[in-house]
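Here is the structure we will look at, set down as structure tokens.
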Amino acid sequence: MTIYAWGYLQEYEREREDILDAVDKVFKSGQLVWGPHVTGFEREFAAYHGVPHCVAVDNGTNALVVALRALGIGPGDEVITVSNTAAPTVVAISMVGATPVFVDIHPDTYLMDVGQVAAAVTERTRCLLPVHLYGQCVEMAPLEELAARHDLVILEDCAQAHGARHHGRIAGSMGRAGAFSFYPTKVLGAYGHGGGTITSDAELDAEMRRLRYYGMDEERYYVVARNGMNSRLDEVHAEILRRKLGRLDDYIAARRTAAAVYAEALAGTDLVLPALAPGNDHVYYLYVVRHPQRDKIIERMRSFDISLNISYPWPVHTMTGFAHLGVPKGALPVTEALADEIFSLPMYPSVLGTDQEKVIDALRETLATL
Ligand SMILES: *Cc1c(COP(=O)(O)O)cnc(C)c1O
């Protein structure tokens, strides 16, 4: 059987009864949209983060959109982020009409190089959007200082960092808001699309609630207070997520163990292994390694029936859909060099054991015969 970089099937095998029970319970409830399971999930997801508010939405991209819109960010505003990210980070900024501005990444962590942000701030900058990529947090103190100095808001993209911590603070609780994706493969995933935001700001919470519900106030149905969108989470995904939230810390622990196994087994090879930045508790959404002969390695691993992934093979600023931003090739040298050399090893809680042993053996053999 092929070993994939990720997937939900291994999990479904182990949790099938509970997932099907959640589906049955919701389907029997008579309420598929807008019910107690969404409300319950919002309460529990907020509590997990030690914040008062969570707004569940239909995917991670719209979590960013709802947050950006509620923060009043739109045409004419600049949002500083990175090009080494999932394209939806940048799609969301564009969807609200704002302009994404990229800084390069740190050569060790592949996360936003926070030392470059000050130089990217202009009088149009409104928002800093750090992406806690691969499962560890961007260094926040320099961003917080800049935000205070220039009156900017910080919105965290936490789509890959459920439960990650930075100097003890949990991802999503450090900025004005944090946006999450519950795409099936994420550290906390639904069985379909899902997303959510968290915040400690009651006004922002109310605005995000309105926006995801056509712009209506929840207690005044049918009256649009401001032009919104339809971006609600389904009851069935909410109930599945509630149950999985109770297991989130176990998933994270298993991912950390798997990362430690990889680190020990691959320490003597010429793969560059993931670097952990100071103060970070990594959740290893992805285990990203680097090698100049990346494409050859991926091809050879396929002969062992192991399918590896690249996150991400093309920096966002080099994509046709973002050509209008006018960021030339060569503008972000660390990001561009990285994209040619990185790949991800299979990483999911149940990779521990046989799957991981197969991957390590195949990888050792591949590296020895390059
Ligand atoms: C997955 C992801 C998103 C988008 O989430 P969707 O639920 O797929 O819309 C945004 N940002 C990052 C960094 C992601 O990994």
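For clarity, every value in this text was computed on a predicted model and none was experimentally measured. Counting starts at 1 for both ligands and their atoms, in listed order.
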- Once the angle between the rings of Y191 and Y8 is folded into 0 to 90°, is it parallel (under 30°), tilted (30 to 60°) or perpendicular (over 60°)? perpendicular

- Does any N or O atom in Y183 lie less than 3.5 angstrom from one in ligand 1, N or O only? no

- Query: Tell me, which protein residue and heavy-atom name are nearest atom 1 (C) of ligand 1, and how many Å apart are they?
  - Reply: K186 NZ, 1.5 Å

- Please state which protein non-hydrogen atom is closest to atom 12 (C) of ligand 1 and give its distance, to 0.1 Å? A159 CB, 3.4 Å

- Message: Suppose I only count heavy atoms of G60 and a 4.0 Å limit; which atoms of ligand 1 are within that range?
- Response: 5 (O), 6 (P), 7 (O), 9 (O)

- Item | Backbone of A56 reached by a side-chain donor or acceptor of E42 within 3.5 Å | yes

- Backbone N or O of A265 within a donor-acceptor pair of the R364 side chain at under 3.5 Å? yes

- Give a yes or no on whether the backbone of T369 and the side-chain of R300 come within a donor-acceptor separation of less than 3.5 Å. yes

- Task: Output, in order, the C-alpha distance, side-chain angles, deciding distance and verdict of side-chain hydrogen bond (donor to acceptor under 3.5 Å, both in side chains) for H291 and E341.
- Result: CA-CA 5 Å; H291 194 284; E341 298 191 348; over 6 Å; no

- Message: Suppose I only count heavy atoms of T85 and a 4.0 Å limit; which atoms of ligand 1 are within that range?
- Response: 13 (C)

- The protein heavy atom nearest to atom 9 (O) of ligand 1 is T61 OG1, 2.6 Å

- Message: Any nitrogen or oxygen of S181 lying under 3.5 Å from a nitrogen or oxygen in ligand 1? Just yes or no.
- Response: yes

- For ligand 1, which atoms, with element, lie under 4.0 Å from some heavy atom of A86? 12 (C), 13 (C), 14 (C), 15 (O)

- Message: Before you tell me yes or no, could you show the steps for H106 and D113 under side-chain hydrogen bond (donor to acceptor under 3.5 Å, both in side chains), namely the whole-Å CA-CA distance, both residues' side-chain angles and the distance that decides it to 0.1 Å?
- Response: CA-CA 5 Å; H106 192 280; D113 184 346; 6.0 Å; no

- Query: Any N or O on V131 sitting closer than 3.5 Å to an N or O of ligand 1?
  - Reply: no

- Query: Is any NZ, NE, NH1 or NH2 atom of the basic residue among E144 and R149 found under 4.0 Å from an Asp or Glu carboxylate oxygen of the other?
  - Reply: no

- Query: Short N/O distance, under 3.5 Å, between Q160 and ligand 1?
  - Reply: yes

- Can a donor-acceptor pair be found between the side chains of E336 and H317 at a distance below 3.5 Å? yes

- Under 4.0 Å from one or more heavy atoms of N59, ligand 1 contributes atoms 7 (O), 9 (O)

- Note on the structure: Going by the 4.0 angstrom heavy-atom rule, the piece of D157 near ligand 1 is side chain

